[in-house]
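The analysis underlying the following values was restricted to heavy atoms, covering all of them including side chains, and did not include hydrogens, waters or symmetry mates. None of the values given here were measured: they were computed from a predicted structure. The sequence lines fix the lettering, A, B, ..., with proteins before strands; numbering per chain opens at 1.
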Protein chains: 2
Amino acid sequence: MAKPTKANTPITEHLAYLLAQANREINRQLELRLSKEGVPVEQWRILKVLSDGNGHSMGELADAVLLNHPTLTKMIDRMVSDTLVYRVQDPNDRRKVLMFISDRGKVLSKKLNSLAVDQEEHILESYGDKSTSELKRLLESLIDSSN
Amino acid sequence: MAKPTKANTPITEHLAYLLAQANREINRQLELRLSKEGVPVEQWRILKVLSDGNGHSMGELADAVLLNHPTLTKMIDRMVSDTLVYRVQDPNDRRKVLMFISDRGKVLSKKLNSLAVDQEEHILESYGDKSTSELKRLLESLIDSSN
DNA sequence: TTGAAAATATTGAATATTCAACGATTGAAG
DNA sequence: CTTCAATCGTTGAATATTCAATATTTTCAA
């Protein structure tokens, strides 16, 4: 008698795969827009986080922009060369470095933001207002439940 | 008079960011489980796709496992060395290569699948049955609307 | 106060990914 | 038929990321 082979879940039904696929696609679109300014998505994130004008340590920043430390250090090196951001030693804890956005960085950040907003609006149009906010809500809650 | 500064959307409210964050977290968890067998997530995907026993061309496979062509070629090279998969020239179109899973690959694939299913169950527990299926539905629809 | 442990950021070597170019094969127009 | 463009997969060089080790500073217990 033939072994009753239970049909294996196709990969397209795994949450991990759906997230990877959606992320890849949305990221690709954003990348395309930001490439108008020649800036990778990660630099947009960095500039956006620093836009509050406060100093942020490297560790804090790495968490916020979803990059691990060595990668961030090297990306920041480039951004310092481009005078988009600058380092200041934290006076309260000299192990730390505080990152600040420069005036040039602020100007670029504004341009990037409007490109990113463009994309969000484009998604809203094709995907719908309701779906978008519901998806955001569910993603936030998934992230919460994973900590 | 002070310039009326409209508060900038925080990065945590962008869909692109939420997707990246959720993907990173879920992927990290899956990676952790699969590391028990010393296999990266991408190889699990490849083995899973090839598990149907059919031959899949490199291009088809690259799309399915979310890898670009050169990266896939090099990963397949490693998997061929490990005798998990093998190449066959497509007799109908000699530009193409058909990939097949080996017996060893099938054995490994089964182990990996149960690790992946473990994870899905863990998510279901902490995140809830309803939320999970709703999230999957929304992700599928987002992906659809992006094509 | 001292000394060991933890936290922070960076570095260099090893590894992986990407970009552009290539060779081989097929398709299709003239 | 012949030729030219398109498709498919791979390669090598350039680039980026990661891992492990390091230097510095702080924390905290003895």
Side-chain angles (χ1 to χ4, degrees), chain A residues 20-21 23-25 27-32 34-35 38-46 49-50 54-82 84-100, chain B residues 20-21 23-25 27-32 34-35 38-46 49-50 54-82 84-100:
Chain A
Q21 197 180 0
N23 178 51
R24 188 180 162 85
E25 179 58 27
N27 205 58
R28 199 190 56 76
Q29 288 174 17
L30 181 56
E31 210 164 47
L32 199 64
L34 298 187
S35 71
V39 171
V41 174
E42 290 79 11
Q43 290 198 16
W44 167 64
R45 291 197 198 126
I46 292 170
V49 170
L50 296 186
N54 300 325
H56 294 261
S57 75
M58 291 296 280
E60 194 188 333
L61 202 50
D63 283 349
V65 304
L66 315 176
L67 248 33
N68 43 18
H69 292 214
T71 306
L72 178 63
T73 292
K74 284 154 193 173
M75 184 159 286
I76 288 287
D77 285 347
R78 270 168 270 164
M79 295 175 79
V80 169
S81 299
D82 297 342
L84 296 171
V85 298
Y86 57 93
R87 291 177 162 98
V88 174
Q89 169 118 238
D90 185 338
N92 296 120
D93 184 341
R94 280 155 48 220
R95 287 170 304 182
K96 293 188 184 173
V97 170
L98 297 180
M99 297 306 312
F100 288 91
Chain B
Q21 195 181 2
N23 178 50
R24 187 180 162 88
E25 179 57 27
N27 205 59
R28 197 189 58 75
Q29 288 173 19
L30 181 56
E31 210 165 45
L32 198 64
L34 299 186
S35 71
V39 171
V41 175
E42 289 78 13
Q43 289 197 17
W44 167 64
R45 291 197 198 127
I46 293 171
V49 169
L50 297 185
N54 299 325
H56 294 262
S57 75
M58 290 297 281
E60 193 188 334
L61 202 49
D63 284 349
V65 304
L66 315 177
L67 249 34
N68 43 19
H69 292 212
T71 305
L72 178 62
T73 292
K74 285 156 192 173
M75 184 158 285
I76 288 288
D77 285 347
R78 270 167 269 164
M79 294 176 78
V80 169
S81 299
D82 296 341
L84 296 170
V85 300
Y86 56 94
R87 291 176 163 98
V88 175
Q89 169 116 239
D90 184 338
N92 297 120
D93 184 341
R94 279 156 46 223
R95 289 170 302 183
K96 293 188 185 174
V97 170
L98 297 180
M99 297 305 313
F100 289 90

Could you tell me whether the phosphate oxygens of [N], OP1 or OP2, come under 4.0 Å of any side-chain nitrogen or oxygen in [X]?
X	N	answer
A/S57	C/dA9	yes
B/R87	D/dT10	yes
A/T73	C/dA9	no

Euclidean distance, atom [atom1] of residue [X] to atom [atom2] of [N] [Å, nearest integer]:
X	N	atom1	atom2	value
A/I76	C/dT8	CD1	P	17 Å
B/M99	D/dT10	CE	C1'	13 Å
B/K74	C/dA14	NZ	P	19 Å
A/H69	D/dA16	NE2	P	21 Å
A/D93	C/dA6	CG	P	17 Å
A/M79	D/dA16	CE	P	14 Å
B/D63	D/dG9	CG	P	10 Å
B/E31	C/dA16	CD	P	13 Å

Using the closest heavy atom to pick a nucleotide of DNA chain D for each, name whichever of B/M58 or A/R94 lands nearer the 5' end. B/M58
Along DNA chain D (nearest heavy atom to each residue), the more 5'-positioned of A/T71 and A/R95: A/T71
Taking the side chain as every heavy atom from C-beta outward, state whether A/R45 and A/V41 have any pair of such atoms under 4.5 Å apart. yes
Hey, could you give me the CG/CD distance between A/L67 and A/E42, rounded to the nearest 0.5 Å? 5.5 Å
Any idea which of D/dG9, D/dA20, D/dT17 is nearest the A/M75 side chain? D/dT17
Nearest heavy atom decides the nucleotide; on that basis, is B/R78 or A/K96 closer to the 5' end of DNA chain C? A/K96
Using the rule given for side chain to side chain contact (heavy atoms under 4.5 Å, CB included), can you reason through A/V88 versus A/F100, listing the C-alpha separation, both sets of side-chain angles and the distance that settles it, and then say yes or no? CA-CA 8 Å; A/V88 174; A/F100 288 91; 3.8 Å; yes
Side chains of A/Q29 and A/E25: donor-acceptor distance under 3.5 Å anywhere? yes
I'd like to know if the side chain of A/R87 and the backbone of A/M99 have a donor-acceptor N/O pair within less than 3.5 Å. no
